[in-house]
Enquirer: 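Dropping the structure in here first, questions after.
Naming: A, B, ... by sequence-line order, numbering from 1 per chain. Because the structure is predicted, anything quoted here is derived from the model rather than measured.
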Amino acid sequence: MVKPLSILETEELTYTYSTGTPFEKTAVDHVNLKIEKNCMVGVIGHTGSGKSTLMQHFNGLLRPTSGRVLLDGEDIWADKKKLRDVRFRVGLVFQYPEYQLFEETVWKDIAFGPKNMGLSDAEIRTRVLETAEMIGLEEELLERSPFALSGGQKRRAAIAGVMAMRPEILILDEPCAGLDPKGRNHLLRQICDYQKKTKSTVMLVSHSMEDAAAYTEKLLVMNQAKLFCYDDTPAVFRRTEELCSMGLRIPQIAGVMHTLRQKGYDLPEDIYTVEQARDAVLSLLRKGGGAAC
Amino acid sequence: MLKDITLGQYFPIDSVLHRMDPRFKIIETMLFIVLLFMGSSFWILALGAVFVLLARQLSNIPMKMIWKSVKPILHILAVTAVLNLLFIDDGDVLFQWKLLKVTEGGITTSLFMMIRIVLLIIGSSLLTYTTSPILLTDAIESLLSPLKRVKFPVHEMAMMMSIALRFIPTLLEETDKIMSAQKARGATLDNGKLTERAKALIPILIPLFVSAFRRAEELATAMECRCYRGGEGRTRLRTLKAAPRDYIGFAVCLLFLAAAAVLNILL
Ligand SMILES: Nc1ncnc2c1ncn2[C@@H]1O[C@H](COP(=O)(O)OP(=O)(O)O)[C@@H](O)[C@H]1O
Ligand SMILES: [Mg+2]
């Protein structure tokens with residue numbers, strides 16, 4: 001039954017907050033999903049569309065009101081004792097993860113997860129060093145107190161704490177919130193490199209369509225607690241009108257390309273990043289194709 | 001979830017009791033407590049029960065919520081009842097086993113105490129169900145304002161209270177989030193030996209304290225930026241105004257109290 005390629009599935013997953021009170025709110029509504037192995041998945045949607053709630057189901061922090069979450073074809077709630085293993089296999093980095101730092105040194109904080117997994121000291125050591133390098137934390141920072149780091153460094157240390165568990169699926173809830181543009185790109189590139197190196201699945205919750213376009217292979221779009229679609233990134237951005245009606249938009253550069261095409265320039269479709277656009281425009285110019293004007 | 005703990009448990013619907021002046025509601029709740037403690041006759045409790053039922057009717061609070069307010073004290077209730085039952089030695093002995101004996105007086109007292117506590121809890125939770133914490137502190141400030149004459153820092157106290165109340169849900173939410181984040185890293189919070197459990201609290205408490213201090217500092221700065229300088233000369237966005245229904249409610253309250261006094265003399 002289980003397709004070999006998908007690692008995480010949901011069946012009619014539904015979650016309601018504060019059932020039976022005036023604050024009742026269905027945050028995830030009958031979601032059916034199949035997430036592949038070794039894939040960079042973007043998760044987009046308006047604020048309050050249920051992205052964070054959905055993500056917290058994947059590692060068993062929230063229990064579905066109805067429906068199931070399957071990891072490798074097994075219901076994660078079938079055996080409560082295995083739930084902790086699920087959390088090691090599906091790593092979740094919350095929004096503003098730096099607020100969960102607590103150890104005396106960055107090293108110890110990154111080692112917290114691996115230690116809970118019961119790994120040997122030698123293994124923990126390699127993981128901490130490897131992860132710190134991947135995420136761009138210099139070795140001398142590891143002996144400092146996490147509270148003495150800069151904002152960006154704190155964020156990296158907190159993300160490293162989850163990455164060090166080497167989960168099969170790493171979920172990052174808006175990892176770039178509150179970082180400057182340069183820091184954002186840097187961090188996203190490192191996350192991408194991590195994904196390629198570990199061949200795991202990374203799910204990236206993001207507000208920025210530009211980031212989604214540049215760094216993800218597939219996109220999961222949430223709209224008002226429902227799954228709007230889950231498809232290849234270009235295929236999703238082709239549905240411009242529907243995205244706009246949900247209050248989302250396509251990347252700015254895609255809009256520019258769209259307008260240029262309408263004006264008669266011979267530019268290919270499916271251009272969603274500035275780099276692609278630059279190449280396309282340059283090759284058009286080389287062909288001397290400014291002719292439409 | 002942690003947030004489901006009812007605390008300052010305002011139940012936001014519209015009803016007569018919700019619209020009443022919070023100052024009157026506080027005083028009436030106090031009078032109600034006085035009534036419950038006026039005598040040791042079951043008639044007094046019956047009077048209290050009628051009063052609570054009346055207030056419940058006016059408040060539109062669902063019975064489920066009333067039950068929810070009583071539920072947390074059930075075991076305290078049970079313990080008091082058992083202690084009263086076993087240690088009050090008054091009247092006929094109904095049942096004896098070695099040193100333990102149950103007397104008639106014990107049964108009546110334990111029953112009486114149980115009903116009294118339940119009524120007390122329901123009455124005071126009706127106050128917090130129907131009054132938002134902010135209104136409650138406003139009312140307390142207003143009721144205590146005569147103490148300003150003797151240099152008691154009424155405004156400061158009320159401000160501290162409203163800030164504390166304002167941040168209880170925030171801190172609970174934050175605790176929830178931190179707990180989830182540490183659980184996501186494999187922290188175990190609910191098993192192991194006592195020392196292990198105490199140790200398991202460190203990853204929760206440290207971030208929580210750090211964030212509480214950060215919030216306090218941010219709030220202080222924000223208040224200073226808006227030129228907060230204490231209560232002197234401040235006017236209010238919501239001023240408390242008594243309406244006819246408040247006086248009627250108060251009169252009804254006094255009526256009940258008078259009835260209790262009469263009962264007390266007669267019985
Ligand atoms: N702890 C909570 N209690 C009650 N409602 C919540 C809670 N967390 C989120 N919600 C509600 O659930 C909905 C989805 O929230 P969330 O999953 O955080 O959305 P997103 O991450 O897409 O912004 C929102 O309407 C939000 O108000
Ligand atoms: Mg969110």
Enquirer: What part of B/Pro62 gets within 4.5 angstrom of chain A, counting heavy atoms only: side chain, backbone, both, or neither?
Expert: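 Interface part for B/Pro62: neither.
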Enquirer: Within a strict 4.5 Å, meaning less than it, do heavy atoms of the B/Arg185 and A/Asp109 side chains meet?
Expert: yes
Enquirer: How about B/Met113: does its CE atom have over 12 heavy atoms from other parts shown lying under 6.0 Å from it?
Expert: no
Enquirer: Side chain, backbone, both or neither: which part of B/Ser211 has a non-hydrogen atom closer than 4.5 Å to chain A?
Expert: neither
Enquirer: What donor-acceptor contacts under 3.5 angstrom involve side-chain atoms of residues 115-125 of chain B, with partners at least two apart or in another chain?
Expert:
unit_1   : atom_1 : unit_2   : atom_2 : d
B/Arg116 : NE     : B/Leu36  : O      : 3.2
B/Arg116 : NH2    : B/Leu36  : O      : 3.4
B/Arg116 : NH2    : B/Gly39  : O      : 3.4
B/Ser124 : OG     : B/Leu120 : O      : 2.7
B/Ser124 : OG     : B/Ile121 : O      : 3.4
B/Ser125 : OG     : B/Ser69  : OG     : 3.3
B/Ser125 : OG     : B/Ile121 : O      : 2.7
B/Ser125 : OG     : B/Ile122 : O      : 3.2

Enquirer: How many angstroms lie between CG in B/Leu205 and CZ in A/Phe102, if you round to the nearest 0.5 Å?
Expert: 11.0 Å
Enquirer: Non-hydrogen atoms of chain A under 4.5 Å away: do they reach the side chain of B/Phe209, the backbone, both or neither?
Expert: neither
Enquirer: Who in residues 13-25 of chain B is close to chain A, using a strict under-4.5 Å heavy-atom cut-off?
Expert: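 So no residue qualifies.
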Enquirer: Using a 4.5 angstrom heavy-atom cutoff, name the option from A/Asn116, A/Val86, A/Val90 with the most pairs to chain B.
Expert: A/Asn116
Enquirer: Does atom CD of A/Glu133 have more than 12 heavy-atom neighbours, drawn from other residues, nucleotides or ligands, at distances under 6.0 Å?
Expert: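 Incorrect, the count does not exceed 12.
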Enquirer: With a cut-off of 6.0 Å (strictly less than), are more than 12 heavy atoms of other residues, nucleotides or ligands near CZ of B/Arg238?
Expert: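 For B/Arg238, atom CZ is crowded (more than 12 foreign heavy atoms under 6.0 Å).
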Enquirer: Are there more than 12 heavy atoms of other residues, nucleotides or ligands under 6.0 Å from atom CD of A/Glu24?
Expert: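 Atom CD in A/Glu24 is crowded, with more than 12 foreign heavy atoms closer than 6.0 Å.
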Enquirer: Return the minimal non-hydrogen interatomic distance between A/Tyr99 and B/Pro207, and the atom names on each side.
Expert: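 Looks like O-CB, 3.1 Å.
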Enquirer: Sort by residue number and list every member of residues 143-162 of chain A having a non-hydrogen atom under 4.5 Å from chain B.
Expert: A/Phe147, A/Gly161, A/Val162
Enquirer: Ignoring hydrogens and angles, write down the donor-acceptor pairs under 3.5 Å from the side chains of residues 61-69 of chain A, residues two or more places apart or on other chains.
Expert:
unit_1  : atom_1 : unit_2  : atom_2 : d
A/Thr65 : OG1    : A/Thr16 : N      : 2.8
A/Arg68 : NE     : A/Glu11 : OE1    : 3.1
A/Arg68 : NH2    : A/Glu11 : OE1    : 3.2

Enquirer: With distance as the sole test, does A/Arg87 use its side chain to make a donor-acceptor pair with the main-chain N or O of B/Gly186 at under 3.5 Å?
Expert: no
Enquirer: Show the nearest heavy-atom pair for residues A/Phe112 and B/Ala187, with the distance to one decimal.
Expert: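 Shortest heavy-atom contact: CZ-CB, 3.8 Å.
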Enquirer: Please say whether more than 12 non-hydrogen atoms of neighbouring residues, nucleotides or ligands are located less than 6.0 Å from CG in B/Leu74.
Expert: yes
Enquirer: Does OH belonging to B/Tyr228 count more than 12 external heavy atoms closer than 6.0 Å?
Expert: yes
Enquirer: Above 12 or not: heavy atoms from other molecules or residues under 6.0 Å from CD of A/Glu12?
Expert: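 More than 12 within 6.0 Å, yes.
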Enquirer: Out of B/Ala184, B/Pro203, B/Ala181, which one racks up the most heavy-atom pairs below 4.5 Å with chain A?
Expert: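 The answer is B/Pro203.
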Enquirer: Using a 6.0 Å cut-off, check whether atom CD of A/Gln224 has over 12 heavy atoms from anything other than its own residue.
Expert: no
Enquirer: Hey, could you give me the CD/CD1 distance between A/Gln100 and B/Ile206, rounded to the nearest 0.5 Å?
Expert: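 Going from CD on A/Gln100 over to CD1 on B/Ile206, the span is 13.5 Å.
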